[in-house]
Amino acid sequence: MIIKMAEVIPKFMQLSQRVIRILGCNPGPATLQGTNTYLVGTGKRRILIDTGDPNVNEYIELLKTSLSDHSVDIQEIIVTHWHHDHVGGVDGICRALGSRFLTSKIKRESAADLPLLETSYNFIKDRQVFKTEGATLKAYHGPGHSEDHIVLQLEEDGSVFSGDTILGGSTTIIEDLQSYMRSLNEILEMEPKVIYPGHGPVIENPVQVIKYYIKHRHDREQQIIQFLKDNLGQELTAMDIVKGVYKGVHENVFEMAAQNVTLHLQKLQKDHVVVSRDGTHWKLATTSNI
């Protein structure tokens, strides 16, 4: 993850008529200034998107104060994915507010979801719709950052809650690049007017940002393919490719660059462009016409 300078995020902010952001009070290298959690709706009962890390008393008190000050309650919880900094606060919120809130997410397939003690998961499907007064949220399964990741489109104003698929002021960690690129293109097709990310400030120019993300990955992929063409017949490691492609980059970021190259190679393998005998050494597929 490459962290850039970003605006300071207030712990509480009314972002629009329908959206309030409450910071998770859990800053760190992976969470930036903290997890963004969102209260969505205009009525007395609203949807909470994401819950931050477990056992963050500062966040629980901030959430309780925010609800009290606006004379609203939580209708239900939606979590964008299974990572602890998004689902971890569910139990604490249930205990603090004395309710077993319905908590919705896509079910993980490769492993069990993090257990909940105070409530249970409502496992949903792609394109599930959630309604509350003043807001309609449509969930799109968008894997890549994680297998179970969803983004949520707020239908009334065309905004998107991107979770960790797109961050404000930073690139994100990716598990599967092929899935991630599909998810980026799906968000682009939504033509969001604004993106509310899982971490970092609001993205006011989302179409431009998404197009940059896609172009950057495409350009890097073409560089990797060209390097393999230039070394046709040789089996190359990700580090070999880094040293040939990442010109002018300091050696202290080579390991991170090699992880990115590996993601590209795994995607290219799924696209039948490259092959590997062991997952470490790579070459162009003999049938590749790229």
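The basis for the numbers below is simple: all heavy atoms, side chains too, and nothing from hydrogens, waters or symmetry mates.
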Test item: Lys138 and Glu155 side chains (from C-beta on) under 4.5 Å apart, heavy atoms: yes
Joint hydrophobic cluster, Ile77 plus Val56, side-chain heavy atoms closer than 4.5 Å: yes
Carboxylate-amine/guanidinium contact Lys44 Asp73, below 4.0 Å: no
Glu156 and Thr136: CA distance, side-chain angles, deciding distance, side-chain hydrogen bond (donor to acceptor under 3.5 Å, both in side chains) verdict: CA-CA 7 Å; Glu156 281 76 6; Thr136 307; 2.9 Å; yes
Residues, nucleotides or ligands: over 12 heavy atoms within 6.0 Å of Glu191 CD: no
Asp219 side chain to Gln223 side chain, donor-acceptor N/O pair below 3.5 angstrom: no
Connected via hydrophobic side-chain network under 4.5 Å: Leu63 and Val72: yes
Partner of His84 under side-chain hydrogen bond (donor to acceptor under 3.5 Å, both in side chains), chosen from Asn26, Asp53, Thr35: Asp53
Lys193 with Glu204: basic N within carboxylate O range, under 4.0 Å: no
Polar side-chain atom of Ser162 near backbone of Thr165 as donor-acceptor pair, under 3.5 Å: no
Beyond-backbone contact of Asn205 with Val194, side-chain heavy atoms, under 4.5 angstrom: no
Student check: side-chain heavy atoms of His81 and Lys105 closer than 4.5 Å: no
Arg45 side, atom CZ; Thr132 side, atom OG1 - distance, nearest 0.5 Å: 7.5 Å
Backbone N/O of Phe101 and side chain of Thr119: donor-acceptor pair under 3.5 Å: yes
Asn55 CG: over 12 foreign heavy atoms closer than 6.0 Å: no
Heavy-atom pair with the smallest gap, counting every atom of Ile173 and His145: O-ND1, 2.7 Å
Where Ala238 and Ala258 come nearest, the two heavy atoms and their spacing: CB-O, 3.7 Å
Residues Arg217, Ile174; criterion side chain to side chain contact (heavy atoms under 4.5 Å, CB included); working and verdict: CA-CA 12 Å; Arg217 293 289 179 179; Ile174 301 168; 3.1 Å; yes
Flag, side chain of Asp91 to backbone of Pro54, donor-acceptor distance under 3.5 Å: no
Heavy-atom side-chain contact between Val87 and Tyr121 under 4.5 Å: yes
Worked check of side chain to side chain contact (heavy atoms under 4.5 Å, CB included) between Ile187 and Val151: CA-CA 8 Å; Ile187 299 172; Val151 300; 3.9 Å; yes
Lys11 and Glu58: CA distance, side-chain angles, deciding distance, salt bridge (charged side-chain N to carboxylate O under 4.0 Å, His left out) verdict: CA-CA 10 Å; Lys11 291 182 178 179; Glu58 183 182 3; 2.3 Å; yes
Ring geometry between His86 and His199 (parallel below 30°, tilted from 30 to 60°, perpendicular above 60°): perpendicular
Shared hydrophobic cluster for Val275 and Ile241 (ILVMFWY, side-chain gaps under 4.5 Å): no
Short side-chain to backbone donor-acceptor contact, Ser183 and Ser179, under 3.5 Å: yes
Leu15 and Ile20, any side-chain heavy atoms less than 4.5 Å apart: no
Separation between CG of Leu177 and NE2 of His264, rounded to the nearest 0.5 Å: 5.0 Å
Closest heavy-atom pair and its distance - Leu23, Tyr59: O-CD1, 3.3 Å
ILVMFWY network linking Met181 to Ile150, side-chain heavy atoms under 4.5 angstrom: no
Atom of Arg220, atom of Tyr246 and distance for their closest heavy-atom approach: NE-OH, 3.4 Å
Spatial distance of atom CD (Glu76) from atom CG (Leu102) [nearest 0.5 Å]: 5.5 Å
Residue pair Thr80 / Asp50, side-chain donor-acceptor N/O under 3.5 Å: yes
Donor-acceptor contact present, side-chain His250 to main-chain Asn252, <3.5 Å: yes
Distance, nearest 0.5 Å, that separates CD1 of Ile203 from OH of Tyr196: 11.5 Å
Carboxylate-amine/guanidinium proximity below 4.0 Å for Asp148 and Lys107: no
With Ile78, the side chain to side chain contact (heavy atoms under 4.5 Å, CB included) member among Leu48, Val40, Ile47, Thr51: Ile47
salt_bridge(Glu147, Arg108) N-O dist < 4.0 Å: yes
Non-hydrogen side-chain atoms of Ser159 and Pro192 separated by less than 4.5 Å: no
Audit row: Tyr38, Phe161, ring-ring contact (aromatic ring centres under 6.0 Å, His included) steps and yes/no: CA-CA 9 Å; Tyr38 298 95; Phe161 298 88; 5.1 Å; yes
Beyond-backbone contact of Ile22 with Asn36, side-chain heavy atoms, under 4.5 angstrom: no
Shortest non-hydrogen separation from Val202 to Arg21 and the atoms involved: CG2-NH1, 3.7 Å
Leu117 with Trp82, same ILVMFWY side-chain cluster at under 4.5 Å: no
N/O donor-acceptor pair under 3.5 Å between Asp278 side chain and His281 backbone: yes
From CZ (Arg100) to CG (Leu116), nearest 0.5 Å: 9.0 Å
Verdict with supporting geometry, His141 and His149, ring-ring contact (aromatic ring centres under 6.0 Å, His included): CA-CA 6 Å; His141 185 204; His149 201 289; 9.0 Å; no
Side chain His70, main chain Ser66, donor-acceptor under 3.5 Å: yes
Closest approach of Gly168 to Leu32 (non-hydrogen atoms, all atoms of both residues): O-CD1, 3.9 Å
Under 3.5 Å donor-acceptor, Asp176 side chain and Gln178 backbone: yes
Criterion side chain to side chain contact (heavy atoms under 4.5 Å, CB included) on Val207 and Leu188, from CA distance to verdict: CA-CA 6 Å; Val207 171; Leu188 185 62; 3.9 Å; yes
Other residues, nucleotides, ligands: >12 heavy atoms within 6.0 Å of Lys211 NZ: no
Nearest-0.5 Å distance, CG of residue Leu268 to OG of residue Ser276: 12.0 Å
Glu186 vs Tyr140 side-chain heavy atoms within contact, under 4.5 Å: yes
Working for side chain to side chain contact (heavy atoms under 4.5 Å, CB included), residues Asn260 and Val242: CA-CA 9 Å; Asn260 283 328; Val242 167; over 6 Å; no
Thr237 side chain to Asp240 side chain, donor-acceptor N/O pair below 3.5 angstrom: yes
